[in-house]
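Presented below is the structure to which this report refers.
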Amino acid sequence: MTVSARRRAHGTMITLGSADIQRAVAGTNPLKVLGAQPGIMFQSADPQGVDTWSSQIYMHGFMQNQISTTLDDVPLGELVYRNYNGLNPIEAISSENVGRLDVSTGAGAESVASTNNLGGSIEYVSSDPKTKAGGQVNQTFGSNSMFHTFARVDSGALNDTGTRFYVSYSRNDMHKWKGGGNDFTQQVNAKLVQPVGADSSVSAYFDWSDLHEYLYQDYSLDILHNGGYFVDNYYNGRYSGYANAYNAALGNYPSSLDRISDKADAAYYDGASNINDYFGYLKGDFALTDRLRWKTTAYGHGQDSILTWSNPFYPSPNGAPMFEQVKQPSIQRFGILSALHYDIARNHIETGVWYENNRFVSSMFGYEQPLPGQGSPINSVGGFANLTPFMQLYGQTINTNTFTTYAQDTWNVLPNLALHFGFKSLLNVSRAGNAYYNTGYYGNDASVGGVGLTTFRAFLPHISGDWHFLKHHELYFDIAENVHAYPQAQFKTAASPFAVTQSAYDMARPGLKPESDWAYAVGYRYSDRLMDATIHAYRVNFFNRLQMISSGAIINPQTIIANVGGITMNGVDAGLTLRPLRGLSFTNSVSYNHATYDQNMESGGVVYHTRGVQVVAYPRVMYKTALSYRWRDLEAHVDAAYTTRRNLSYVGDAKVPAYWIANFGMNYRLTNLVASTAGGRFLKGLELGFNIYNLSNARYVSTMGENGFSLSGDYQSFLVGAPRQYFGSIKAEF
């Protein structure tokens, strides 16, 4: 991890390089690697962090849907499961092709193409094709039949102008660590770079991602305490799993659920995600003069999803006591970004625009499950092509147009002092067709009528400064106002005004306002050969917080969306890295976050005393430590993190316990073997790796709030983390 004070719109950022990402298990979500930094928390039910249902990141108390993500400046939309205006970064680029992450953990920069960067930004930068022809093959094996393959071919420079490209293919397959089913992803990336003159270029990028995952069962405290750590869906890859789920839907539950009060929700037959993406861009980056640069990107993205969950509370038409409840959303979006950069005197001036049109179709259907002996159950990871739903539970089409413009100037007052001022204007207009549900038949038109919501802010300022006042010392500050456009999420899936019934929308509409905040940060850094020391303090005033309040069964919860007021957040991160010997590094950091609700909440005439209570899902204290050592061609590291208790309910009467988790990894480069063989002229590098996840085999709660949060008491809306896992890998470069 490196820290850089870049003279650009983001102010002072942290940068996660490709070397940091590659030290993790191959195919690991880069956000999981980022989670080792102070004030950042990443959670997932699987060890690689690639399960899209469970992967979740927080930065300084902000949830992932309040953090912007981009790839090579192209917006990836909200970082959530069932994304409505983009795609998960792991579906946009293979981790091996990530060149770096530029991360703003405070105020989001005005130049980032986003409508949701209340809590900062994560900018992915893809690696460029290499100038010399070559290739790379990675193969990893691990616990639970984990099998990860990555292969990339670089063309090298094809002509005197420097035309070059790469094409890569990755495949990741891993059985769930409990229950039945597997998580499978395959992906193709391709990138072309055509230099134009000495300092300009045209580039193109393409991504195809095909994801099929069986989901882990959601937990409540009741299930955790009375059912244990290994409760999961009935699906096991055999007919016996369906038979057990069938009997449970009739009220004949297995003895393993005897102590659980809500046996019907403790386990379903299955749940799965099937997501297919096509994504790409064409970019021109031109030096018009030695002072003026123009960059323009046109992009497009299409996504089709089949997201399933078996429902034991409603029968199939043939009399089977359950049916397969299936969301089938789709996204079609295109956009363009254009920016001018001009350097004059000591000023670095930039202005730009972004436009996007997004058509999001949200549909939910019911498919019939068979009676015993009358056919095979539905294959939820690919068995819907020839099936016809018997019912459409919900349908809606949302069309959104987004336009932003910004201007900014970074002024280098002195060689060691930079001041920045900029602003952003945002217009986001969404039109949702009439929603319908439980129609009993298939094919209604949801694209007419409906409602519209507009988010408009003409002036969102951003001010920052960076001062290297002595050789090794740096001070900085950052102040910004940001707004989150109204989300357009699917029915009962997120805090969106469009995600509820018409009656719930009508009730909430008078109090709806876009979420916004003022974010303030100050910090100090010291860096030299022997040590790095950092302290970062922040305050956020968060207004008009929209919240999804859930109750009842998670299959079809009772959900309302409400403006529940503000949050006041104060926090501090402190970190120290010591390098007493060559190759040895020892890092410790502690983060404190005091984020509390400003008002009590009211629902159904009942007042819930949330004022002054810590926000849900985010810990008040985190401690992280890491020790690494490199000797010649061998590198080894061990890291550990402690997370305090987190609130599961808004009033804080239900909490998940604190936990410790530790990991180990080592890599060995066979430099002498490569150099001493005749194949050394062809083989450029060979590396072996070994990793252990969750060294102590800790049992802990990972992801929280995937089904929303209750106002008080227990609720089935968290997942448990994976036990100890082992991984071995080999990497060859040609």
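With respect to the salt-bridge test (charged N to carboxylate O, under 4.0 angstrom), the residues R630 and E635 qualify. Between D73 and K295 there is a salt bridge, with a side-chain nitrogen of the basic residue lying less than 4.0 Å from a carboxylate oxygen of the acidic one. We find that D532 and R525 are not joined by a salt bridge, their nearest charged nitrogen and carboxylate oxygen being 4.0 Å or further apart. Between D102 and R100 there is a salt bridge, since at least one side-chain N of the basic residue sits less than 4.0 Å from a carboxylate O of the acidic one. Checked for salt-bridge contact, D528 and K471 miss the test: no charged N lies under 4.0 Å from a carboxylate O. A salt bridge does not link K283 with D72: none of the charged nitrogens is closer than 4.0 Å to a carboxylate oxygen.
In this structure the side chain of L427 never reaches within 4.5 angstrom of the side chain of T404, judged on heavy atoms. A heavy-atom distance below 4.5 Å is found between the side chains of N593 and Y618. Taking 4.5 Å as the limit, some side-chain heavy atom of S425 sits within range of a side-chain heavy atom of F423. Using a 4.5 Å heavy-atom cutoff, the side chains of Y597 and V615 are in contact. Between V590 and D573 there is no side-chain heavy-atom pair separated by less than 4.5 Å. A heavy-atom distance below 4.5 Å is not found between the side chains of E481 and D517. Contact check for F542 versus L118: side-chain heavy atoms found under the 4.5 Å cut-off. Contact of the V616 side chain with the Y650 side chain is registered, since non-hydrogen atoms from C-beta on lie closer than 4.5 Å.
Taking the ring centroids of Y700 and Y659, they lie under the 6.0 Å cut-off. Ring-centre distance between Y281 and Y205: below the 6.0 Å cut-off. Aromatic ring centres of H473 and H468 lie farther apart than the 6.0 Å criterion allows. Residues Y538 and H60 bring their aromatic ring centres within 6.0 Å.
To the nearest 0.5 Å, the span separating CE on M704 from CZ on F718 amounts to 7.5 Å. Remark: L419 CG to L414 CG distance equals 9.0 Å, nearest 0.5 Å. To the nearest 0.5 Å, atom CG of residue D466 and atom CG of residue L417 are 8.0 Å apart. To the nearest 0.5 Å, atom CG of residue L101 and atom CG of residue L34 are 6.5 Å apart. Between H472 atom NE2 and R529 atom CZ the span is 10.0 Å, to the nearest 0.5 Å. Here H484 contributes atom NE2 and N544 contributes atom CG; the two are 13.0 Å apart, rounded to the nearest 0.5 Å.
A donor-acceptor pair shorter than 3.5 Å cannot be found between the side chains of Y342 and N347. D51 and S44 form no side-chain donor-acceptor contact under 3.5 Å, judged by distance and modelled atom types alone. Side-chain contact check for T405 and K424: no donor-acceptor pair (N or O, by modelled atom type) lies under 3.5 Å. If you check the side chains of Y299 and E356, you find a donor sitting under 3.5 Å from an acceptor. Using modelled atom types, one finds a donor on one side chain and an acceptor on the other under 3.5 Å when comparing D207 with N189. Between the side chains of N97 and S127, no donor N or O sits under 3.5 Å from an acceptor N or O. Donor-acceptor pairing under 3.5 Å is recorded for the side chains of W294 and S338. For the residue pair Q614 / R620, a side-chain donor-acceptor distance below 3.5 Å is found, with atom types taken as modelled. Using modelled atom types and a 3.5 Å distance limit, the side chains of N88 and T52 yield no donor-acceptor pair. Residues D478 and H420 bring no donor and acceptor atom of their side chains to less than 3.5 Å of each other.
Listed for the Q37 side chain is no donor-acceptor partner under 3.5 Å among the backbone atoms of T105. Judged purely by atom type and a 3.5 angstrom limit, D20 uses its side chain to pair as donor or acceptor with the backbone of G17. For the pair K624 (side chain) and G35 (backbone), a donor-acceptor distance under 3.5 Å is present. Looking at N117, its side chain never comes within 3.5 Å of a backbone N or O of S121 through a donor-acceptor pair. Distance alone, capped at 3.5 Å, is enough to place a donor-acceptor pair between the T28 side chain and the V25 backbone. Under a 3.5 Å cut-off, the side chain of Q64 and the backbone N or O of L79 do form a donor-acceptor pair. Side-chain atoms of Q599 come within 3.5 Å of backbone N or O of G566 as a donor-acceptor pair. With hydrogens and angles disregarded, a donor-acceptor distance shorter than 3.5 Å links the side chain of N116 to the backbone of N65. Looking at D199, its side chain never comes within 3.5 Å of a backbone N or O of A287 through a donor-acceptor pair. Without hydrogens or angle criteria, R539 side chain to A519 main chain gives no donor-acceptor distance under 3.5 Å.
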task: Take Y524 and H536 through the side chain to side chain donor-acceptor pair (under 3.5 Å) test and state the conclusion after the steps.
output: CA-CA 7 Å; Y524 164 79; H536 176 92; over 6 Å; no
task: Take Y526 and M531 through the test side chain to side chain contact (heavy atoms under 4.5 Å, CB included) and record every step on the way to the result.
output: CA-CA 8 Å; Y526 176 87; M531 65 175 287; 3.8 Å; yes
Chi angles and distances behind the side chain to side chain contact (heavy atoms under 4.5 Å, CB included) call for T455, T115: CA-CA 9 Å; T455 304; T115 61; over 6 Å; no
task: Any chance you could lay out the side chain to side chain contact (heavy atoms under 4.5 Å, CB included) test for V74 and T297, step after step, and finish with the verdict?
output: CA-CA 8 Å; V74 176; T297 305; 3.8 Å; yes
message: N428 vs T400, test: side chain to side chain contact (heavy atoms under 4.5 Å, CB included). Steps then yes/no.
response: CA-CA 7 Å; N428 178 271; T400 303; 3.5 Å; yes
message: Run the side chain to side chain donor-acceptor pair (under 3.5 Å) test on N588 and T625 for me, step by step, so that the C-alpha distance in whole Å, both residues' side-chain angles and the decisive distance to 0.1 Å come before the verdict.
response: CA-CA 4 Å; N588 288 272; T625 183; 3.0 Å; yes
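Each of R293, H348, E350, R291 was compared with H341 under the side chain to side chain donor-acceptor pair (under 3.5 Å) criterion, and only E350 meets it.
Other residues, nucleotides and ligands contribute at most 12 non-hydrogen atoms within 6.0 Å of the CZ atom of R645. W518 CH2: more than 12 foreign heavy atoms inside a 6.0 Å radius.
The minimum heavy-atom distance between P30 and I21, with the atom names listed, is CB-CD1, 4.0 Å. When every heavy atom of Q48 is checked against every heavy atom of A26, the shortest pair comes out as NE2-O, 3.0 Å. Scanning all heavy atoms of the two residues, the minimum distance from R646 to P619 falls at CG-N, 3.7 Å. When all heavy atoms of S126 and I93 are compared, the pair lying nearest together is CB-CD1, 3.6 Å. Taking every heavy atom of both residues into account, S591 and G39 meet most closely at OG-N, 2.9 Å. Nearest heavy atoms, Y84 versus P487: OH-CA, 3.3 Å.
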